[in-house]
Amino acid sequence: MHPYSKIYDVIVVGAGHAGCEAALAAARLGHPTLVVTINVDHIGEMSCNPAVGGLAKGHLVREIDALGGEMAKNIDATGIQFRRLNTKKGPAVQSSRAQADKERYRLRMKGVLERQENLDIKQGLVDALIVENGAVRGIMTSIQERFLGKTLILTTGTFLKGLIHIGLKNFPAGRMGDPPSNHLSDQLRALGLRVGRFKTGTTPRLDGRTIDFSRLTPQYGDEPPVPFSFETQSIRQAQVPCYITYTNKKTHEIIKTGLDRSPLFTGVIKGIGARYCPSIEDKVVRFPDKARHQIFLEPMGLETTEIYPNGVPTSLPVDVQIKMLRSIEGLEQVEIVRPGYAIEYDYVDPVQLKPSLECKAIRGLFLAGQINGTSGYEEAAGQGLMAGINAVRHVRGEPPIILGRAQAYIGVMIDDLVTKGTQDPYRMFTSRAEYRLLLREDNADLRLREIGHQIGLVSDTLYEKFKQKQEAIERLMALFSDVRLNPRPDVNRTLEGLGLGSINQPATLMDLLKRPGTELKDITRLDSRILSFDKEVAEQTTILIKYDGYIRRQMEQVERLKHLEGTKIPEDFDYQAVPGLSNEVKEKLLRVRPVSLGQASRISGITPAAVSIIQIYLKKWGKNGKP
C-alpha cells in the first residue's frame with residue numbers, strides 16, 4: 001500500500017460531466033482537490049451523443065453557467081451547430097441545443113482541469129472507500145494507492161459493474177474501451193446502501209464517407225448561433241448541418257428478425273432502461289403501427305468522418321445492425337465504425353441522500369450523476385456542480401446550498417431524486433417543474449448569478465456586469481410604464497398605422513405590449529429609446545411584461561408554500577412517536593427523512609392531513625430533541 005502524505009479537502013472519483021464540474025467547483029473555491037479517473041485521456045468524454053442541451057436540458061446548462069460552472073463555456077468553444085428549440089411555443093419551454101465537436105469538447109475540458117489551480121489529477125481505478133466511524137476518510141485504488149481526504153464525491157457514471165451487451169455477447173466494461181469498477185458497488189452495499197441496476201444504450205457510429213447525403217434533408221443551425229454561456233459574446237468556429245432520414249417498413253421487419261438474439265427481449269439484460277430514450281428495437285415492438293421513426297445524422301466533429309445516427313440506439317447483433325441501417329434511405333452502402341450497444345450498471349437509490357447530495361449514512365460522502373439514477377450529461381453536470389459546492393461547505397462547517405424548486409431546474413431535479421427516488425433513469429423535462437414560467441432559460445442569470453457570486457464561483461467582474469444588466473432591465477421596465485399615450489385622434493392614427501389598433505383611454509407602452517399579437521418591434525417605432533438597450537435585456541423585459549399576470553400568479557404560489565419549506569424537521573425527529581400517522585406514512589417518512597415540511601409534502605403518499613399532524617407535533621418538539 002502506498003499512502004500519499006497530502007490530505008485533500010475534496011476527492012472526486014470519476015471525470016465525466018459530473019466529476020469535471022465537481023472538481024472545478026471545489027478547486028475554484030480554493031480547496032485542495034483531487035480527481036481520480038480510470039483514464040485521464042477520457043476526461044470530459046461524450047460517451048453517447050455528441051451534443052449538449054435540448055428540451056429542459058438547455059435550462060440546466062444555463063443554470064450551471066449562471067452559478068459559475070464550465071459546461072456552457074465548453075460547448076460554446078467547441079459546438080458545431082447551435083439551435084433554439086420550441087421557438088414557436090412559450091418562453092418557458094424554449095431550450096437551446098448544440099452539436100459538439102466530440103474530440104475538441106473532451107480536449108478543452110481536459111485542458112481546463114489540467115490548468116486549474118488547487119486541482120490534482122491521477123489515473124487510477126478506485127476499488128474501495130476508506131470509512132472510519134461513519135465518515136469517509138479517503139480511497140484505495142486497485143494498485144494499492146491510498147489517497148486521504150476530508151470529503152469524497154462519487155461520480156462513477158456507468159462504470160459500477162458495467163456490462164456491455166451486443167447481441168447475446170456481453171463483456172465487462174465501463175463504456176466501450178474502458179474497464180469497469182467491479183468492487184466499489186459491493187462495498188457500498190456492505191456499508192448499508194441500497195444499490196440497483198439500470199441500463200442505457202448508444203447507437204452505432206457510422207462512416208460518413210459511405211453515406212449518400214445528397215438524398216437526405218439537411219438541417220441547419222441558427223444563424224447567428226446563440227451561445228449558452230452568459231459570458232460568450234459570439235460563436236466563431238465553423239458550423240455544419242445535420243441530416244434527417246427515417247426508418248421504414250423494411251427496417252422494422254429486419255429488426256424483428258433479430259429479436260431472438262436481442263439481449264433486451266431474451267431476458268439477458270436485467271437492468272431497467274430509460275423510459276424516454278428506448279432502443280430502436282424497443283420502439284418497433286412498442287409502437288407496431290408507427291410506419292417510420294426519425295433519425296438525425298449528426299457529425300461528430302470537424303476533423304472526423306464519423307456520424308452519430310441519433311434515434312437508433314441498439315444492442316442487436318452487429319449483422320442485424322448492418323442490415324437494419326442499410327435498409328434506410330441514404331445509408332444503403334453504410335459502414336459501421338463502432339457498433340451500438342447496451343450497458344448495464346449499478347446505481348445508488350438517491351432517496352438515501354440529503355438535498356445537499358451527501359449520503360445520509362456516511363458523513364462526507366457525496367454522490368453525483370448517473371450513480372444517482374439519472375441519465376444525460378446535463379443532469380450529471382448540474383449534480384456535480386452542487387456536490388462540489390456542498391463538499392467544500394461541509395469542509396468549512398457551513399450550511400449546504402440547497403436550490404429550491406422555484407429557483408432552478410437543478411433544484412427540481414435534486415428534490416425529485418432525494419424525495420421520490422427514481423424507478424428508471426431520470427431525465428429532466430420542463431413538465432417536471434411546477435414553476436416553469438419562473439425557470440426560463442433566458443433568466444437563469446437573474447435567478448442564480450447572485451448565489452454564484454455569494455458562493456465564490458462568480459467573479460466580482462462578472463457580477464458587476466450582471467448588476468448592470470439587472471439595472472438596464474429596471475430602466476427599460478420604467479420606460480415602458482412611464483411613457484403614456486393619450487387617446488387623441490393623431491395618436492390613434494399613428495397606432496392604427498402601426499397595426500396596433502386605437503385606444504379610448506390613456507395607455508402606457510406596457511399596456512400596448514401586453515396586447516395579444518403585439519411585438520417589441522412594434523413598440524420600438526413609438527419610442528426609439530428602446531433600441532438603445534441590449535437585445536437580451538429587451539427580450540427579457542418583453543417576457544416579464546407579456547407574462548406578468550402568469551408570473552405574479554406563480555410567485556404567489558411560491559410565497560404560499562414558503563412556510564412549508566421554511567419549517568425544518570430535525571434529523572432525529574421521532575416519527576414513530578407522532579400520533580395519528582399510519583404505519584405506511586411513518587415508513588415513507590423514515591425512508592426519506594425529509595429536511596422540511598415542504599419536502600415531506602412531496603413524498604408520494606404523504607397527505608396534507610399527515611403534513612398538518614407533523615406540523616403540530618413539531619411545535620411540541622423541544623430544544624433537546626424531545627417532544
Side-chain angles (χ1 to χ4, degrees), residues 59 62 66 84 86-94 96 222 224 226-227 230-234 406-407 435-450 453 462-559:
H59 292 68
R62 297 273 280 182
R84 293 279 296 149
N86 271 353
T87 54
K88 293 182 180 178
K89 296 184 179 180
V93 296
Q94 293 177 15
S96 300
D222 295 338
V226 178
F230 292 100
E231 298 174 46
T232 305
Q233 297 301 309
S234 62
Q407 283 181 293
Y435 308 117
R436 56 184 171 272
L437 195 52
L438 304 179
L439 307 182
R440 308 182 308 275
E441 254 195 21
D442 66 271
N443 71 350
D445 58 338
L446 298 179
R447 293 184 277 119
L448 300 172
R449 208 52 144 176
E450 182 87 36
H453 182 250
L462 287 175
Y463 183 64
E464 182 56 36
K465 184 179 177 183
F466 160 70
K467 294 299 289 183
Q468 291 172 4
K469 176 183 173 180
Q470 269 189 322
E471 291 164 4
I473 291 173
E474 290 171 5
R475 291 198 308 273
L476 185 53
M477 286 288 283
L479 190 156
F480 273 105
S481 61
D482 292 346
V483 175
R484 184 177 296 272
L485 305 177
N486 292 309
R488 301 195 310 267
D490 59 323
V491 171
N492 277 328
R493 281 195 299 272
T494 300
L495 293 174
E496 288 169 356
L498 294 174
L500 298 176
S502 59
I503 56 175
N504 52 24
Q505 58 184 9
T508 63
L509 295 182
M510 186 176 289
D511 295 328
L512 294 173
L513 185 56
K514 284 183 178 181
R515 289 182 171 184
T518 303
E519 297 182 17
L520 179 64
K521 63 182 180 181
D522 302 322
I523 305 299
T524 57
R525 291 181 289 182
L526 292 172
D527 197 314
S528 60
R529 289 177 293 176
I530 298 171
L531 297 171
S532 66
F533 287 85
D534 180 79
K535 181 183 177 184
E536 193 175 348
V537 168
E539 288 176 350
Q540 286 194 17
T541 305
T542 300
I543 292 170
L544 289 172
I545 292 171
K546 277 192 164 294
Y547 293 87
D548 175 57
Y550 299 103
I551 291 172
R552 277 192 287 109
R553 197 174 306 156
Q554 288 204 345
M555 289 298 295
E556 289 167 3
Q557 292 171 353
V558 172
E559 286 299 318

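No hydrogens, no waters, no symmetry mates; every other heavy atom, side chains included, goes into these values. For reference, positions follow the sequence shown, starting with 1.
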Determine whether [X] and [Y] make a side-chain contact, defined as any pair of heavy atoms from C-beta on separated by less than 4.5 Å.
X: Phe533; Y: Arg475; result: yes
X: Leu479; Y: Ile530; result: yes
X: Leu526; Y: Leu495; result: yes
X: Asp534; Y: Lys469; result: no

Quick check: does any side chain N or O of [X] sit under 3.5 Å from a backbone N or O of [Y], one acting as donor and the other as acceptor?
X: Glu441; Y: Ser96; result: yes
X: Arg62; Y: Arg440; result: no
X: Asp222; Y: Arg84; result: yes
X: Asn443; Y: Leu438; result: yes
X: Lys546; Y: Thr518; result: yes
X: Arg436; Y: Val93; result: no
X: His59; Y: Ala92; result: yes

Between [atom1] of [X] and [atom2] of [Y], what distance do you get to the nearest 0.5 Å?
X: Ile503; Y: Leu485; atom1: CD1; atom2: CG; result: 5.5 Å
X: Asp445; Y: Glu450; atom1: CG; atom2: CD; result: 11.5 Å
X: Arg529; Y: Phe480; atom1: CZ; atom2: CZ; result: 10.5 Å
X: Lys521; Y: Thr542; atom1: NZ; atom2: OG1; result: 12.5 Å
X: Arg552; Y: Leu437; atom1: CZ; atom2: CG; result: 12.0 Å
X: Asp522; Y: Leu498; atom1: CG; atom2: CG; result: 7.5 Å

Do you know the tightest heavy-atom contact between [X] and [Y]?
X: Met510; Y: Ser481; value: CE-CB, 3.8 Å
X: Gly90; Y: Tyr547; value: CA-OH, 4.0 Å
X: Leu476; Y: Thr541; value: CD2-OG1, 3.6 Å
X: Gln94; Y: Lys89; value: NE2-O, 2.8 Å
X: Ile545; Y: Met477; value: CG1-SD, 3.7 Å
X: Ser502; Y: Glu496; value: CB-OE2, 3.4 Å

Query - Any donor-acceptor N or O pair under 3.5 Å, side chains Thr508, Arg484 - result: no
**Report entry** Test log, rule side-chain hydrogen bond (donor to acceptor under 3.5 Å, both in side chains), inputs Lys467 and Gln470
**Finding:** CA-CA 5 Å; Lys467 294 299 289 183; Gln470 269 189 322; 3.1 Å; yes
Report task. I would like to know whether Phe466 and His453 meet side chain to side chain contact (heavy atoms under 4.5 Å, CB included); could you show each step before the answer? Result -> CA-CA 10 Å; Phe466 160 70; His453 182 250; over 6 Å; no
